[in-house]
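Okay, so here's the structure we're looking at.
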Amino acid sequence: MEVFYHSTRSSDAKVTASQAILKGLSEDGGLFVPDNIPVLDKTLKELAAMDYKQVVYEVMKLYLTDFTEAELKNCIDHAYDEKFDTDVIAPLVEAQDAYYLELFHGATIAFKDMALSILPHLMTTAARKNRIKNEIVILTATSGDTGKAALAGFAGVEGTRIIVFYPKNGVSPIQEKQMVTQKGDNTFVVGIHGNFDDAQTGVKKIFSDKALAEEMDRKGYQFSSANSINIGRLVPQICYYVYAYAKLCAEGKITEGEKINVVVPTGNFGNILAAYYAKNMGLPIAKLICASNENKVLFDFFSTGVYDRNREFVLTSSPSMDILISSNLERLIYRIAGNDAARNKAFMAALSGEGRYEITGEMRSELADFYGNYASEEETAAIIRKIYEDCGYVIDTHTAVASAVYEKYKADTKDTTRTVIASTASPFKFTRSVMNAIDEKYDTMGDFELVDELSRIANVKVPNAIEEIRTAPVVHDTQCDKDEMQAVVRAFLKMD
Ligand SMILES: *Cc1c(COP(=O)(O)O)cnc(C)c1O
């Protein structure tokens with residue numbers, strides 16, 4: 001059955017999957033959603049016998065219905081290859097009383113690689129299908145990990161250019177070094193004087209500037225997005241939840257049909273939304289546990305029904321979750337508003353106007369599948385130390401937020417359902433915070449000394465992504481104010 005997509009802010013215009021991927025964001029500022037969430041057409045038993053790439057195909061074919069089987073399989077083969085340091089792509093590791101789904105074995109050692117290693121292939125295939133002549137300019141705001149993963153994915157890809165905006169003082173030293181050392185003539189990296197929300201808002205503004213879009217078209221360019229608002233990011237993220245469930249079945253850890261909980265460390269609400277879609281496709285998921293850091297706007301939303309971004313922005317040790325405007329929540333709001341675009345649009349207008357909105361009691365009752373909580377900086381550090389001391393397993397700061405919230409969930413509910421924790425980054429990406437959590441004595445060591453020490457105590461080889469940047473020269477040093485973003489884009493594209 002063919003699936004079409006429409007905006008969360010108006011349901012009249014329908015586009016195909018490939019068109020939704022090319023556009024990224026709808027012209028009215030809304031996010032593309034499928035007219036219906038498809039249902040898995042393979043049994044859990046069949047899925048349990050598949051490898052990662054096969055599962056990806058079974059999920060993606062249901063959403064990207066205007067791609068041929070050959071096109072999809074070609075994209076999948078080019079994405080999940082030796083760029084990953086393990087054949088299984090997404091290993092499940094049992095530690096304490098949970099299964100850690102390690103989503104960080106790709107080129108840039110964060111979970112963003114799971115989708116961004118395939119997005120460039122989906123995008124160039126979509127451009128071919130739709131006979132696009134323009135060069136595609138990927139415009140991306142990053143809280144630290146999307147930027148590098150998107151750069152790695154699009155660097156050198158013919159017919160594309162990529163521009164990444166990151167908060168100059170809001171990412172880890174290793175995240176910044178990874179981005180500013182990116183090679184490739186078609187790449188451009190800019191540090192903005194502002195936070196992630198400023199970067200994301202600036203990018204959305206550039207996207208919705210119609211005059212600019214027309215001028216771009218005359219010069220042979222068009223924008224697209226590699227942010228998690230792109231349906232080409234969301235769909236590949238659904239796949240690993242299905243895969244994790246299938247693997248637990250295959251290994252006899254759960255019986256077929258047994259429900260599991262999923263804990264996701266959340267920022268822009270993309271990763272957990274993918275789990276919600278997986279559940280709606282028929283995957284037996286009980287609770288979706290949404291874990292926030294001290295920027296706990298989502299915890300407050302789940303506890304009160306009020307989304308309120310009017311608060312202080314906190315810089316934490318889990319910078320990729322330092323976000324107050326969780327863009328992908330819009331897809332959930334749309335759904336619990338009864339798939340009503342006009343109602344959703346009113347909430348989003350209130351968010352951009354007053355910075356807050358309140359959902360109705362009826363809508364709140366649709367959120368029963370979700371549990372939200374948050375972890376303080378101290379709780380995050382404490383759980384890293386505890387898991388290391390108890391079982392020698394070292395988790396990164398983002399994953400630790402999820403682990404800490406899972407502890408709170410168990411204390412609150414006494415629920416013993418088997419649980420998968422999305423492990424979103426390698427500890428090597430946030431070495432300093434991780435090592436300081438384990439022992440204060442590490443405070444005086446240099447960044448790369450710490451990397452070697454982490455490798456020693458965790459008994460894990462230093463990932464290639466880190467080896468590469470030890471000596472790599474900085475090639476991007478542009479900075480700008482948040483109101484100069486459009487000017488910077490024009491300059492890079494030589495439009496003036
Ligand atoms: C992006 C990111 C997150 C948050 O994911 P969302 O999809 O934005 O909710 C969590 N952890 C890490 C390491 C990330 O890079």
Side-chain angles (χ1 to χ4, degrees), residues 31 100-116 119 140-152 164 166-167 170-172 174-176 178-179 196-197 199-200 225-231 233-238 240-241 262-278 288-293 295-299 301 316-332 370 372 374-375 380 384 395-405 421-431 433-434 463 465:
L31 277 58
Y100 285 81
L101 177 61
E102 293 189 350
L103 301 171
F104 56 75
H105 288 271
T108 74
I109 58 176
F111 94 94
K112 305 296 197 293
D113 290 322
M114 302 303 293
L116 281 163
L119 184 69
T140 289
T142 184
S143 57
D145 290 327
T146 289
K148 179 63 185 185
L151 287 162
V164 169
Y166 73 94
V171 300
S172 85
I174 291 191
Q175 285 178 312
E176 180 168 39
Q178 279 188 302
M179 289 189 278
F196 170 73
D197 289 322
Q200 177 160 258
S225 165
N227 276 103
S228 59
I229 50 175
N230 194 313
I231 203 84
R233 284 266 312 264
L234 183 62
V235 174
Q237 291 178 184
I238 300 169
Y240 46 73
Y241 292 107
V262 173
V263 192
V264 186
T266 301
N268 222 4
F269 209 75
N271 201 359
I272 193 163
L273 185 81
Y276 174 74
Y277 272 53
L288 298 153
I289 301 171
C290 177
S292 301
N293 67 20
N295 294 293
K296 58 183 183 55
V297 65
L298 288 165
F299 164 66
F301 170 70
T316 71
S317 60
S318 46
S320 304
M321 296 158 63
D322 289 345
I323 292 175
L324 293 179
I325 307 172
S326 299
S327 286
N328 269 293
L329 187 67
E330 179 168 349
R331 288 189 167 111
L332 180 66
F370 287 90
Y374 75 103
T380 305
I384 292 175
I395 57 174
D396 98 290
T397 44
H398 303 73
T399 309
V401 168
S403 305
V405 164
I421 295 179
S423 180
T424 51
S426 159
F428 286 94
K429 205 156 187 176
F430 303 94
T431 321
S433 302
V434 168

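As the structure lists them, so they are numbered: ligands from 1, and atoms in each ligand from 1. Along the sequence shown, residues are numbered consecutively beginning with 1.
- Ring pair F370/Y276: centre-to-centre distance below 6.0 Å.
- Annotation: side chain of S292 is not in contact with side chain of M321 (no heavy-atom distance under 4.5 Å).
- A distance below 6.0 Å separates the ring centres of F430 and H398.
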Go ahead and list the nitrogen or oxygen contacts between ligand 1 and the protein that come in under 3.5 Å, distances to 0.1 Å, or just say none.
{"from": "ligand 1", "atom 1": "7 (O)", "to": "G270", "atom 2": "N", "distance (Å)": "3.2"}
{"from": "ligand 1", "atom 1": "7 (O)", "to": "N271", "atom 2": "N", "distance (Å)": "2.9"}
{"from": "ligand 1", "atom 1": "8 (O)", "to": "N268", "atom 2": "N", "distance (Å)": "2.8"}
{"from": "ligand 1", "atom 1": "9 (O)", "to": "G267", "atom 2": "N", "distance (Å)": "2.8"}
{"from": "ligand 1", "atom 1": "9 (O)", "to": "N268", "atom 2": "N", "distance (Å)": "3.2"}
{"from": "ligand 1", "atom 1": "9 (O)", "to": "F269", "atom 2": "N", "distance (Å)": "3.1"}
{"from": "ligand 1", "atom 1": "11 (N)", "to": "T424", "atom 2": "OG1", "distance (Å)": "2.8"}
{"from": "ligand 1", "atom 1": "15 (O)", "to": "K112", "atom 2": "NZ", "distance (Å)": "2.5"}
{"from": "ligand 1", "atom 1": "15 (O)", "to": "D145", "atom 2": "OD2", "distance (Å)": "2.5"}

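- A donor-acceptor pair is defined here as one N or O able to donate and one able to accept, closer than 3.5 Å; such a pair exists between the side chain of N293 and the backbone of N295.
- Shown here is Y277, whose OH atom has more than 12 heavy atoms of other residues, nucleotides or ligands within 6.0 Å.
- Considering T316, I384, T397, T380 in turn, T397 is the only one that fulfils the side chain to side chain contact (heavy atoms under 4.5 Å, CB included) rule with S433.
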